[in-house]
Asks: 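Provided herewith is a single structure, encoded as structure tokens, for subsequent inquiry.
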Amino acid sequence: QVVLIESGGGLVQAGDSLRLSCAGSGRTFEVYTMGWFRQGPGKDRELVAARNCKGDSTHYADFVKGRCTISRDAAKKTVNLQMNNLKPEDTAVYYCAADLSWAQFTQTGLPSYWGQGTQVTVSS
């Protein structure tokens, strides 16, 4: 069982930066692939970024490449998403997720564990 709790969302202006954090619990947290999804108003949920447990595989959606960095702190059991040069179209609820399978992030979009979500609003 993995429990995920996000933090760091808020209201920012276009061009600002924001850092989202996700704290995980569970004895085997370190073996899970972690990632972030988002769902904007009236839009489908989409993968933003993912990072495997070893850190040798990362995936970024085209719409955030060059603007976002996903990182993990194994000791603190956290995964972070640094977002720079935010745009109004980045407005969404951002969800942290975890799964043992990389494919659940990059192919199915259905990882097993989800956080409750944190709202990011970018004003123009």
Side-chain angles (χ1 to χ4, degrees):
Q1 182 72 15
V2 174
V3 177
L4 305 171
I5 300 176
E6 302 100 333
S7 62
L11 173 63
V12 297
Q13 294 185 336
D16 285 351
S17 298
L18 205 60
R19 182 180 175 89
L20 305 182
S21 292
C22 174
S25 65
R27 291 183 299 172
T28 58
F29 174 81
E30 63 273 10
V31 304
Y32 283 79
T33 288
M34 303 294 298
W36 291 88
F37 288 79
R38 73 182 190 184
Q39 187 166 19
K43 299 180 180 179
D44 293 333
R45 187 174 60 200
E46 55 189 355
L47 176 64
V48 178
R51 184 181 177 96
N52 70 349
C53 60
K54 295 181 180 179
D56 56 1
S57 291
T58 55
H59 172 88
Y60 293 97
D62 286 343
F63 53 79
V64 296
K65 280 183 179 178
R67 299 192 297 125
C68 285
T69 302
I70 186 170
S71 60
R72 293 181 70 154
D73 185 327
K76 297 181 179 179
K77 292 187 176 181
T78 59
V79 60
N80 304 303
L81 184 69
Q82 176 69 40
M83 300 188 292
N84 301 320
N85 190 22
L86 284 161
K87 305 174 182 180
E89 51 264 42
D90 293 320
T91 294
V93 178
Y94 285 72
Y95 297 92
C96 177
D99 199 279
L100 291 171
S101 170
W102 177 256
Q104 296 288 49
F105 284 86
T106 60
Q107 296 182 28
T108 69
L110 296 171
S112 298
Y113 301 101
W114 295 85
Q116 81 285 358
T118 185
Q119 177 71 46
V120 173
T121 303
V122 184
S123 63
S124 58

Asks: If you compare all heavy atoms of Q116 against all heavy atoms of I5, which two are closest, and at what distance to 0.1 Å?
Replies: OE1-CA, 3.8 Å
Asks: Do W114 and V3 sit in one hydrophobic cluster, given that two such residues count as connected whenever their side-chain heavy atoms are within less than 4.5 Å of each other, even indirectly?
Replies: no
Asks: Are D16 and V122 packed together at the side-chain level, in the sense that at least one heavy-atom pair is separated by less than 4.5 angstrom?
Replies: no
Asks: Hey, could you give me the CG/CG distance between N80 and D73, rounded to the nearest 0.5 Å?
Replies: 7.5 Å
Asks: Show, in sequence, the C-alpha distance, side-chain angles and deciding distance for S21 and T78, and conclude whether the side-chain contact (heavy atoms from CB on, under 4.5 Å) test is met.
Replies: CA-CA 7 Å; S21 292; T78 59; 5.5 Å; no
Asks: Test of understanding: clusters of I, L, V, M, F, W, Y form through side-chain heavy atoms closer than 4.5 Å, transitively. Do Y113 and V93 belong to the same one?
Replies: no
Asks: Quick one: OG on S112 to CG on L100, what's the gap to the nearest 0.5 Å?
Replies: 7.0 Å
Asks: Going by the angle between their ring planes, with limits at 30° and 60°, are W102 and H59 parallel, tilted or perpendicular?
Replies: perpendicular
Asks: Could you check Y94 against M83 for side-chain contact (heavy atoms from CB on, under 4.5 Å), going step by step and ending with a plain yes or no?
Replies: CA-CA 12 Å; Y94 285 72; M83 300 188 292; 3.8 Å; yes
Asks: Tell me yes or no: between the side chains of N52 and T33, is some donor less than 3.5 Å from an acceptor?
Replies: no
Asks: Any idea which heavy atoms bring S17 and N84 closest together, and the distance?
Replies: OG-OD1, 2.9 Å
Asks: Rounded to the nearest 0.5 Å, what's the gap from CD on Q119 to CG on L11? Could you check?
Replies: 9.5 Å
Asks: Give the minimum heavy-atom separation between F37 and V48, together with the two atoms involved.
Replies: C-CG2, 3.9 Å
Asks: Looking only at heavy atoms, which two atoms of L20 and W36 are closest? And how far apart?
Replies: CB-CH2, 3.7 Å
Asks: Any donor-acceptor pair under 3.5 Å linking the side chain of E6 with the backbone of G117?
Replies: yes
Asks: Would you confirm whether Y32, through its side chain, and A97, through its main-chain N or O, come within 3.5 Å as a donor-acceptor pair?
Replies: no
Asks: Could you give the distance from OG1 (T69) to CD (Q82), rounded to the nearest 0.5 Å?
Replies: 7.0 Å
Asks: Working to the nearest 0.5 Å, report the span between OG of S124 and NZ of K87.
Replies: 14.0 Å
Asks: Can a donor-acceptor pair be found, under 3.5 Å and without considering hydrogens, that links the side chain of S123 to the backbone of A14?
Replies: no
Asks: For the pair S25 and Q1, evaluate side-chain contact (heavy atoms from CB on, under 4.5 Å) and give the outcome as yes or no after the intermediate values.
Replies: CA-CA 8 Å; S25 65; Q1 182 72 15; over 6 Å; no
Asks: Mind jotting down which residue pairs meet the salt bridge (Lys or Arg N to Asp or Glu O under 4.0 Å) criterion with at least one end in residues 39-59? Sequence neighbours excluded, please.
Replies: R38-E46
Asks: Report yes or no: do L86 and L81 belong to one cluster of Ile/Leu/Val/Met/Phe/Trp/Tyr joined by side chain heavy-atom distances under 4.5 Å?
Replies: yes
Asks: Where do Y95 and L4 land on the side-chain contact (heavy atoms from CB on, under 4.5 Å) test, with the steps shown first?
Replies: CA-CA 9 Å; Y95 297 92; L4 305 171; over 6 Å; no
Asks: Consider only side-chain heavy atoms of I, L, V, M, F, W and Y, link residues closer than 4.5 Å, and tell whether F105 and I70 are in one cluster.
Replies: no
Asks: Under the salt bridge (Lys or Arg N to Asp or Glu O under 4.0 Å) definition, can you give me all pairs with a residue in residues 95-123, not counting sequence neighbours?
Replies: none
Asks: For the residue pair A49 and Y60, what are the closest heavy atoms and their distance?
Replies: CB-CD2, 3.7 Å
Asks: Considering non-hydrogen atoms only, spot the tightest contact between C22 and M34 and give its length.
Replies: SG-CE, 4.4 Å
